Amino acid sequence: MKKLLLLPAILLVLFFIGCDETTDVELDDAAANVFAQEGFALLNNMLLDLEEPENPQSGEEVFPEADYNQIKDLFEKALDENPDNALANFGMAVLEVASVNYDDELWDLINDFDEDFGERKLFGNQFSFLAQTPLIYLNYLKSPLRQDEITLGRIQNLIENSIFPKLENAIEHLNAAVSLPDSVVIIIDTGEELLELDRGEIYAFRVGTYAISAAMRMLILYDFEMTDESGNYDWMNEMGDSDEFCDYQYDPVTHELYIQYYECEDSDSLLAHVLNYNLVQRPEFMAVRAGQDPADIQNDLNNILTDLQNIVDYVSAETDDQSNDIIQYDYIVEMNDEIGEIDEDDPNFVQDWQTVDDVIDWVSLLITGPVTFIEDINDDGVDEELTIDLSRLFEPGIDDMKNYLPYHQWLPEDEWMIEELDWEDEYYFGGGTYYLYCGDELIAVINDVDYVYIEYYEDYVEPVEFLDGPGGNVIDEEEEFLYLPDYTLNGVFPDMDRDQWIELLDY
């Protein structure tokens with residue numbers, strides 16, 4: 001399996017040095033291959049010379065536009081000679097996806113939201129990115145934004161207007177590239193060995209491209225634009241600010257000094273204010289964005305599974321010498337052997353798997369209809385039953401996520417701030433002079449101080465109370481499971497109710 005996942009990285013260092021042509025190849029196709037091979041040579045050299053910037057958010061140019069245009073021009077010349085030339089179409093697809101992989105503007109924005117993703121790019125990480133994409137939405141809502149962060153809406157606009165057209169072009173070219181005839185042998189010089197590329201590797205590259213597409217579709221599906229009442233981002237200039245207030249009392253009789261420090265995070269209050277405005281005043285917030293369809297995500301996932309099966313079927317049917325193939329039949333045999341080694345300690349849902357075909361079939365069922373899991377979900381030694389229907393996320397989909405939020409009510413804004421004693425201290429000062437600072441500012445000089453008593457308070461924001469139903473009573477969410485308007489989440493968890501969730505989660 002690791003060899004399959006490493007394939008996209010291998011494809012980045014392709015150097016096409018020739019191909020065997022059958023006697024019935026048209027002249028225009030031969031000319032197209034010449035241009036395509038020259039384009040791959042330049043692309044290969046550029047990618048080999050690329051170095052990741054030390055600071056991925058520096059704006060340093062990683063994928064020079066001049067080089068991109070030069071390589072693209074060669075592939076376009078090849079397609080002018082023959083629009084159906086498989087090699088040229090594959091080259092255009094690699095170039096388009098590579099340009100996404102090294103798009104500084106996109107990754108600068110994404111790194112702002114997901115530091116864990118760090119310096120990683122899409123190639124070699126597309127499935128990790130696909131799995132992490134839903135967490136970006138959650139992290140965006142639960143964590144105060146940093147002063148230099150950009151709103152998710154800006155990322156979405158960039159993806160929709162700039163990135164996604166490249167992915168769509170790549171997939172269109174790959175659809176033509178998979179027509180590569182078996183009679184055409186493409187030899188790749190990696191610098192260490194000669195490898196043969198055929199339709200199996202093109203299927204594998206399309207798998208990775210569909211995974212990127214699905215992740216991007218998830219990221220642009222819902223409206224999470226965080227504007228203020230004026231419809232702009234001026235509020236972000238105030239993010240990151242915090243205030244420290246200090247108060248003190250000195251008793252000249254007892255020579256005792258009492259100090260209270262109060263620290264208030266203005267960012268928390270400001271973010272709550274903006275979130276309140278968008279949730280309450282903007283109906284489109286957290287709803288499916290105009291022009292987006294969750295069914296397209298399911299189509300991408302289904303296409304991934306189809307191409308994985310295409311790889312298995314194509315490679316398994318090959319009868320020629322595979323010693324120099326990138327994806328070899330032996331790899332599929334190894335994967336089948338590993339799957340066949342499943343033991344009784346593995347999850348119940350994998351126990352019937354015997355081959356990679358079984359895994360593909362099971363994942364296909366998972367995203368197209370209800371699947372029942374019988375597992376020890378809450379780790380109490382007893383199996384619980386849980387049915388999940390992920391297809392409901394795509395068809396009909398969840399049109400407006402606000403409809404599934406727990407019952408809650410917003411408090412008046414002047415009640416959001418909660419003051420809490422964080423720590424206190426007292427000590428003997430010995431009759432000296434006390435210089436009292438509040439932050440970096442000296443606010444008082446007090447003589448003859450014998451004892452100092454300090455209290456440090458933190459202010460935090462609690463703008464919402466959770467309720468036991470619409471207009472119901474306030475609950476303690478730390479003690480009681482939240483009340484939801486739909487415990488099935490639009491049928492994603494069929495037949496689930498409140499009591500079943502409490503039992504399942506051992507709440």
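Every value quoted in this text rests on a predicted model; they were computed, and no experiment measured them. Nothing fancy with the numbering, it's 1 onward along the sequence.
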State whether the side chain of [X] and the backbone N or O of [Y] hold a donor-acceptor pair below 3.5 Å, judged by distance alone.
X    : Y    : result
T368 : S364 : yes
S213 : T209 : no
E458 : L421 : no
D296 : R217 : no
K402 : F285 : yes
N276 : A272 : no
D376 : D383 : no
N278 : L275 : no
N303 : N299 : yes

Any [X] side-chain heavy atom under 4.5 Å of [Y] side chain:
X    : Y    : value
L366 : L390 : yes
T387 : V371 : no
D486 : N403 : no
Y437 : E441 : no
E96  : L167 : no
Y210 : I171 : yes
L301 : F394 : yes
E420 : Y457 : no

What's the verdict on ring pair (Phe, Tyr, Trp, His ring centres under 6.0 Å) for Y258 and Y248, showing C-alpha distance, side-chain angles and the deciding distance? CA-CA 5 Å; Y258 298 87; Y248 71 97; over 10 Å; no

Closest heavy-atom contact between [X] and [Y]?
X    : Y    : value
D495 : Q500 : O-OE1, 2.7 Å
P283 : D400 : O-OD2, 3.9 Å
P294 : G397 : CG-CA, 4.1 Å
E480 : R498 : CG-NH2, 3.6 Å
E395 : A295 : OE1-CB, 4.2 Å
I398 : Y222 : O-OH, 2.7 Å

How long is the gap from [atom1] on [X] to [atom2] on [Y], to the nearest 0.5 Å?
X    : Y    : atom1 : atom2 : answer
I159 : F164 : CD1   : CZ    : 9.0 Å
I163 : E168 : CD1   : CD    : 12.0 Å
L489 : Y404 : CG    : OH    : 8.0 Å
I446 : H255 : CD1   : NE2   : 13.5 Å
I311 : F205 : CD1   : CZ    : 12.5 Å
L305 : N310 : CG    : CG    : 11.0 Å

Angle class for the F349/F373 ring planes (parallel below 30°, perpendicular above 60°, tilted otherwise)? perpendicular

Once the angle between the rings of F493 and W501 is folded into 0 to 90°, is it parallel (under 30°), tilted (30 to 60°) or perpendicular (over 60°)? perpendicular

Can you see whether [X] engages [Y] through a side-chain donor-acceptor pair at a distance of less than 3.5 angstrom?
X    : Y    : value
E160 : Q292 : yes
Y453 : E455 : no
N175 : R206 : yes

Show me, pair by pair, the donor-acceptor contacts under 3.5 angstrom made by side chains of residues 408-419, not counting sequence neighbours?
unit_1: H408; atom_1: ND1; unit_2: P406; atom_2: O; d: 2.8
unit_1: Q409; atom_1: NE2; unit_2: E465; atom_2: OE1; d: 2.7
unit_1: E413; atom_1: OE1; unit_2: H273; atom_2: ND1; d: 3.2
unit_1: E413; atom_1: OE2; unit_2: H273; atom_2: ND1; d: 3.0
unit_1: W416; atom_1: NE1; unit_2: L411; atom_2: O; d: 2.8
unit_1: W416; atom_1: NE1; unit_2: P412; atom_2: O; d: 3.4

Run the salt bridge (charged side-chain N to carboxylate O under 4.0 Å, His left out) test against R282 and tell me which residues pass, sequence neighbours left out. D223, E284

What pairs with E503 under side chain to side chain contact (heavy atoms under 4.5 Å, CB included), at least two apart in sequence or on another chain? none

Ring centre gap for Y407 and Y483 strictly below 6.0 Å: no

Kindly check if the number of other-residue, nucleotide or ligand heavy atoms within 6.0 Å of [atom1] ([X]) is above 12?
X    : atom1 : answer
Y451 : OH    : no
E172 : CD    : no
D352 : CG    : no

One pair to check against side-chain contact (heavy atoms from CB on, under 4.5 Å): L308 and V207. What are the steps and the verdict? CA-CA 7 Å; L308 287 174; V207 165; 4.1 Å; yes

What pairs meet the ring pair (Phe, Tyr, Trp, His ring centres under 6.0 Å) rule with one or both residues in residues 460-482, with sequence neighbours excluded? F481-Y507

Derivation and outcome, side-chain contact (heavy atoms from CB on, under 4.5 Å), residues L436 and C246: CA-CA 9 Å; L436 176 59; C246 306; 5.5 Å; no

Check step by step if side-chain contact (heavy atoms from CB on, under 4.5 Å) holds for E384 and V382. CA-CA 6 Å; E384 290 82 28; V382 179; 4.3 Å; yes

Kindly write out the residues that satisfy side-chain hydrogen bond (donor to acceptor under 3.5 Å, both in side chains) with D251, not counting sequence neighbours, or none if the list is empty. T254

Just distance, no hydrogens or angles: give the donor-acceptor pairs under 3.5 Å from side chains in residues 424-435, sequence neighbours left out.
unit_1: T433; atom_1: OG1; unit_2: N447; atom_2: OD1; d: 2.9

Going through the distances and angles, do T488 and R392 end up as a side-chain contact (heavy atoms from CB on, under 4.5 Å)? CA-CA 10 Å; T488 74; R392 299 285 298 180; over 6 Å; no

